[in-house]
Every structure is written in C-alpha cells, then in structure tokens.
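Report on the following structure.
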Amino acid sequence: MKVAKRPGTLIGLTMQSDRHPAVPDSEPVAGVVSASAAGVLPRDFTGKWQVRRTVIDHFNRQRHDFTGLTTITGTSIVERGELQIGDAAIEASRTYQLTMDDGGVIVRFATGLEFVRLDLAACQTVHHCCGADMYRGRFLFQNRNCWSEFWRVRGPRKRYVSLTRYRRLG
C-alpha cells in the first residue's frame, strides 16, 4: 500500500465510517465545562501529550492506529510516533503552526496556510476545505489534561474518519 504524505491529510489515508458513536453531532457532554468558564486559556495546553489515533479507511476498508508524542508550544504543535498499517509500522510525524491569544487558537499548516480556528468552547465543530476534500472536525476539551478530536473527511480519493485522544504527560 502506498502512503502519500500531503499537508492537510492524515498521511494521505482514506477512511470508512461516516459517524463515530464516541462523538455525537449535537449532544452536550456531561461533566464538561466550557474552557472560558473554567478559566482555561489556550496556553494552558502547552506541554507534552501522549497521543493515540484510530483511523478508519472507507476506501480500503482498513483500520490504522497511531501512537506517539505531541509537543505543544506557544507557536507550534509537533507530533511524532508510529503508524500501524496492517502488519507494517512506519514512523510518522506532522507539524502545525499556532497563533494563540486569550480568545483562542489559529492552527496553520507548516506552510502558513490556515487550517482551523478554535475558540474557548469545551466542545466545538470546525470545517476546512482543501481542494475537493472536505474536513469536518469536532474538538472536545475535557480539562487541562485530556482532550479529543474527531475528523470526518470526504473527497474524490479519500473517505475516512479518525478519532484522536490526547493525555498530558507528567
């Protein structure tokens, strides 16, 4: 299987589930307080994080798992780890630029092109159009030590969902 790495893709993978029961579309999440109400600011998420991602590839009818380490600074997110594709394990990484202020975060690709904007809401939905591909994401910030993101991606050559969980280290 050929894996192509392009900005804005999850290493070029295509996926196979349109809905994920772990991230409902519009239901409130019990026990989650908005970041602004809890006094949490974007800079509170800087540090090292354990990351686990599951990708369901609809085109190829496969599951891929990523485990690794994410480092968030005031200006970047750098993720490194191992991606399991069938019996093969490959090194994988991605980097984003960040612009933080007290109202939220702008996430940009390494090229500087804007990807998404996040505000202080504990649960939020984002969209990003990349050529013919549409990325629809949901972010759930449970507290300063745990957050998740879910993506549903559709395009002419890709169709996948991914669920990523972040837990603070240390």
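FYI, the numbering just counts along the sequence from 1.
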Return yes when atom CZ of R168 has more than 12 non-hydrogen atoms of other residues, nucleotides or ligands closer than 6.0 Å, and no otherwise.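 Atom CZ in R168 is packed in, count exceeds 12.
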
Identify whether the distance between the nearest side-chain nitrogen and carboxylate oxygen of [X] and [Y] falls below 4.0 Å.
X	Y	answer
R63	D65	yes
R43	D102	yes
D133	K158	yes

Nearest heavy atoms of [X] and [Y], plus distance in Å:
X	Y	answer
T46	G74	CG2-N, 3.9 Å
Y135	C130	CE1-CB, 4.0 Å
G104	L120	N-CD2, 4.3 Å
Q124	F141	NE2-CE1, 3.7 Å
S76	L98	O-CD1, 3.6 Å
K48	T71	NZ-OG1, 3.4 Å

I'd like to know if the side chain of H127 reaches the main chain of R136, judged simply by a donor and an acceptor atom lying under 3.5 Å from each other, with no hydrogens or angles considered.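 Here the side-chain-to-backbone pair does not exist.
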
Is it the case that the side chain of Q97 and the backbone of A110 share a donor-acceptor pair, with hydrogens and angles ignored and the cut-off at 3.5 Å?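 Checking the backbone N and O of A110 against the side chain of Q97, a donor-acceptor pair under 3.5 Å is found.
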
Hydrophobic clusters here meaning ILVMFWY residues chained together by side-chain heavy-atom distances under 4.5 Å, can you tell me if V51 and F45 are in one?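 Linked, V51 and F45 end up in one cluster.
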
Verify same cluster id: L118, M100 (apolar side-chain graph, 4.5 Å):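 Yes, one cluster joins them.
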
With sequence neighbours excluded, what pairs up with R80 under the side chain to side chain donor-acceptor pair (under 3.5 Å) test?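 In terms of side chain to side chain donor-acceptor pair (under 3.5 Å), with neighbours along the sequence ignored, R80 is linked to no residue.
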
By side-chain contact (heavy atoms from CB on, under 4.5 Å) - contacts of L113 (at least two apart):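 Scan of L113 (side-chain contact (heavy atoms from CB on, under 4.5 Å), adjacent residues dropped) gives F109, T111.
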
Could you tell me whether the side chains of W147 and E149 share a donor-acceptor contact shorter than 3.5 Å?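 W147 vs E149: no donor-acceptor pair found between side chains.
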
Using only heavy-atom distances, determine whether the side chains of T125 and R138 contain a donor-acceptor pair under 3.5 Å.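 On atom types as modelled, these side chains qualify, holding a pair under 3.5 Å.
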
